[in-house]
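Notes to accompany the following structure.
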Amino acid sequence: MTDASQTPPAGEDQSGSSDAWRDVGRQFESLGASLAQAVRAAWNDEENRRRVQEMQTGLEAMVRDVGEAINETVNSPKGQEVTQDVQRAADNLVEAGEKTVQEVRPHLMKALEQLNTELQKLVDRMNRGSGGDAGA
């Protein structure tokens, strides 16, 4: 095969990549909807509600602590050096990502679909266990 046969026509690669990311975005939307439904179903059970609140408190503390550490570090001389290293790494990551998006997309889509399916099964089981009134 020649390089010309492997290279899509001008514009086709970008629109294909854009469509691929749109599909991934839709899967994340679907996953988010399933997660929200699972949280709503769990919220009907007092023990689950307590656990969700504990999880929320822990996540908020983690975000706050990480944010404080980032703010402290970014302004230090070492932080400036790390920022430059991170920028170089990000540039390399973007370049690598652009080269592999078509290879990764089908695997990501399949994983998201499987995760969404399993979450939906969990929601269904939780709804059956609580009398089916979790979505109401």
Side-chain angles (χ1 to χ4, degrees):
M1 252 188 236
T2 66
D3 285 330
S5 67
Q6 294 176 351
T7 304
E12 184 176 308
D13 185 39
Q14 282 190 340
S15 71
S17 178
S18 178
D19 290 343
W21 285 113
R22 241 187 319 271
D23 289 344
V24 170
R26 281 193 284 269
Q27 283 298 315
F28 276 119
E29 286 178 33
S30 179
L31 176 61
S34 292
L35 284 170
Q37 190 175 5
V39 168
R40 285 184 197 106
W43 199 254
N44 288 329
D45 179 87
E46 183 63 35
E47 182 65 19
N48 286 338
R49 187 176 13 247
R50 185 183 60 77
R51 288 181 181 156
V52 168
Q53 288 173 328
E54 289 172 358
M55 180 180 65
Q56 179 181 0
T57 300
L59 288 171
E60 289 170 351
M62 178 190 68
V63 168
R64 184 185 59 248
D65 292 346
V66 169
E68 288 172 3
I70 288 171
N71 288 334
E72 291 170 5
T73 304
V74 165
N75 296 319
S76 72
K78 183 68 176 172
Q80 296 299 317
E81 182 181 328
V82 169
T83 299
Q84 292 171 353
D85 290 345
V86 167
Q87 182 60 49
R88 282 191 294 273
D91 292 343
N92 290 336
L93 180 61
V94 167
E95 184 178 327
E98 290 170 353
K99 292 178 183 177
T100 60
V101 68
Q102 292 304 320
E103 181 180 321
V104 170
R105 183 190 160 274
H107 301 290
L108 179 59
M109 292 293 295
K110 183 176 180 178
L112 287 170
E113 288 169 3
Q114 288 174 335
L115 179 57
N116 195 27
T117 298
E118 292 303 315
L119 274 170
Q120 192 59 52
K121 288 178 186 176
L122 174 65
V123 167
D124 292 344
R125 283 194 307 267
M126 291 171 72
N127 283 336
R128 282 193 304 270
S130 67
D133 61 343

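Every value quoted in this text rests on a predicted model; they were computed, and no experiment measured them.
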Side chain to side chain contact (heavy atoms under 4.5 Å, CB included) partners for Glu81, two or more places apart | Lys78, Asp85

Pair Gln120-Asp124, side-chain donor/acceptor within less than 3.5 Å = yes

In Å, rounded to the nearest 0.5 Å, how long is the span from CG of Leu122 to CG of Asn127?
-> 9.5 Å

Hey, are the side chains of Met109 and Glu113 touching, using non-hydrogen atoms and a 4.5 Å cut-off?
-> yes

Assess whether side-chain contact (heavy atoms from CB on, under 4.5 Å) is satisfied between Glu68 and Asn71, documenting all intermediate values.
-> CA-CA 5 Å; Glu68 288 172 3; Asn71 288 334; 5.8 Å; no

Same cluster (ILVMFWY, side-chain, under 4.5 Å), Leu35 and Phe28 | yes

Flag the pair Met55 / Leu59 as yes when at least one side-chain heavy-atom distance between them is below 4.5 Å, and no otherwise.
-> yes

Establish, from distance only, whether the side-chain atoms of Gln27 and Asp23 form a donor-acceptor pair under 3.5 Å.
-> no

Could you go through the side-chain contact (heavy atoms from CB on, under 4.5 Å) check for Gln37 and Leu119 one step at a time?
-> CA-CA 9 Å; Gln37 190 175 5; Leu119 274 170; over 6 Å; no

Salt-bridge present (Lys121, Glu118; N to O < 4.0 Å) | yes

Smallest separation among heavy atoms of Leu31 and Leu112, with atom names = CD2-CD2, 4.0 Å

